[in-house]
Amino acid sequence: QENLAESGGGLVQPGGSLTLSCVASGFTTSNNLMSWYRQAPGKQREFVALVSSDGGYTQYADSVKGRFTISKDNTKNTASLQMNSLQPEDTAVYYCHAAFLNLWGQGTQVTVSS
């Protein structure tokens, strides 16, 4: 059975960094475009970043461009999101998504606060 499991969220001060990880099981990430989305309280879920099946192409939301880096390791069946220069507006639940399966993880909370 296909599954995505995110980890790495937590509480961080403004300007800090976090790395989120997404472990896939039941399918191979090499056959899937992988994305990160986030949902802040009272707001709709929004796109953050994506990486192509082979890892050679990435795309970012304007709000995170230059601060976040998405990557994937197809040998480990994982996707990651390195987040730098975090700001309070980055506070949200972050979700991993496998596009070709339309599969979502359970989410991991990121809170940016002093």
Side-chain angles (χ1 to χ4, degrees):
Q1 184 173 355
E2 300 94 352
N3 189 58
L4 294 170
E6 301 98 332
S7 62
L11 173 64
V12 63
Q13 292 186 341
S17 299
L18 280 175
T19 299
L20 306 183
S21 295
C22 173
V23 178
S25 57
F27 70 99
T28 58
T29 56
S30 61
N31 294 333
N32 267 273
L33 182 154
M34 302 295 295
S35 303
W36 287 93
Y37 285 74
R38 66 187 182 186
Q39 187 166 17
K43 294 188 177 181
Q44 290 189 332
R45 192 171 298 187
E46 64 175 5
F47 168 77
V48 175
L50 67 82
V51 58
S52 61
S53 299
D54 65 359
Y57 174 80
T58 58
Q59 185 176 332
Y60 297 90
D62 287 343
S63 59
V64 307
K65 203 172 294 183
R67 300 188 298 124
F68 290 11
T69 302
I70 190 171
S71 61
K72 64 188 317 201
D73 186 337
N74 288 331
T75 65
K76 297 181 180 179
N77 235 26
T78 60
S80 300
L81 185 69
Q82 172 69 42
M83 305 185 295
N84 297 326
S85 302
L86 285 161
Q87 299 302 318
E89 53 265 35
D90 296 315
T91 295
V93 178
Y94 284 72
Y95 297 90
C96 183
H97 182 246
F100 300 158
L101 296 172
N102 194 23
L103 179 68
W104 295 91
Q106 83 287 351
T108 186
Q109 176 71 47
V110 172
T111 303
V112 185
S113 176
S114 55

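Since the structure is predicted, the reported quantities are computational estimates derived from the model, not experimental observations. We count residues from 1, following the sequence as given.
- Every residue was checked against the side-chain hydrogen bond (donor to acceptor under 3.5 Å, both in side chains) condition with Q87, not counting sequence neighbours, and none meets it.
- Nearest approach of Q39 to K43, heavy atoms of both residues: NE2-O, 3.1 Å.
- Within the 3.5 Å criterion, the main-chain N or O of S7 finds no donor-acceptor partner in the side chain of T108.
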Considering only distance and modelled atom types, tabulate donor-acceptor pairs under 3.5 Å from the side chains of residues 10-24, sequence neighbours left out.
residue : atom : partner : partner atom : Å
S17     : OG   : N84     : OD1          : 2.9
T19     : OG1  : Q82     : OE1          : 2.4

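- The nearest pair of heavy atoms linking A49 to L81 is CB-CD1, 4.3 Å.
- Counting only heavy atoms from C-beta outward, the side chains of F100 and L33 approach each other to under 4.5 Å.
- Scanning all heavy atoms of the two residues, the minimum distance from F27 to L103 falls at CE2-CD2, 3.6 Å.
- The line from CE of M34 to CG of N74 is 9.5 Å long, rounded to the nearest 0.5 Å.
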Inset, instruction - Apply the test side-chain contact (heavy atoms from CB on, under 4.5 Å) to residues R45 and W104: give CA-CA distance (whole Å), side-chain angles for both, the deciding distance (0.1 Å), then the verdict. - result: CA-CA 12 Å; R45 192 171 298 187; W104 295 91; 3.2 Å; yes
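- Counting non-hydrogen atoms of other residues, nucleotides and ligands closer than 6.0 Å to CD of Q44 gives a total of 12 or fewer.
- Distance CD/Q109 to CD/E6: 12.0 Å, rounded to 0.5 Å.
- Applying the salt bridge (Lys or Arg N to Asp or Glu O under 4.0 Å) rule to pairs touching residues 98-114 yields nothing, sequence neighbours excluded.
- Residues D54 and G56 approach most closely at OD1-N, 2.8 Å, considering heavy atoms.
- Scanning both residues, K72 and T29, for their nearest heavy atoms gives NZ-O, 2.6 Å.
- By the criterion of side-chain heavy atoms lying less than 4.5 angstrom apart, applied directly or through intervening Ile, Leu, Val, Met, Phe, Trp or Tyr residues, L50 is not grouped with V64; the two fall into different hydrophobic clusters.
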Name the atoms and distances for all side-chain donor-acceptor pairs under 3.5 Å in residues 92-99, with sequence neighbours left out.
residue : atom : partner : partner atom : Å
Y94     : OH   : R38     : NH1          : 2.9
Y94     : OH   : D90     : O            : 2.6
H97     : NE2  : N102    : OD1          : 3.0

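- Every residue two or more places apart in sequence or in another chain was checked for a side-chain hydrogen bond (donor to acceptor under 3.5 Å, both in side chains) with S30, and none qualifies.
- Annotation: ring pair (Phe, Tyr, Trp, His ring centres under 6.0 Å) contacts involving residues 38-91, sequence neighbours excluded, comprise Y37-F47.
- The two residues L86 and R67 make their nearest non-hydrogen contact at CA-NH1, 3.9 Å.
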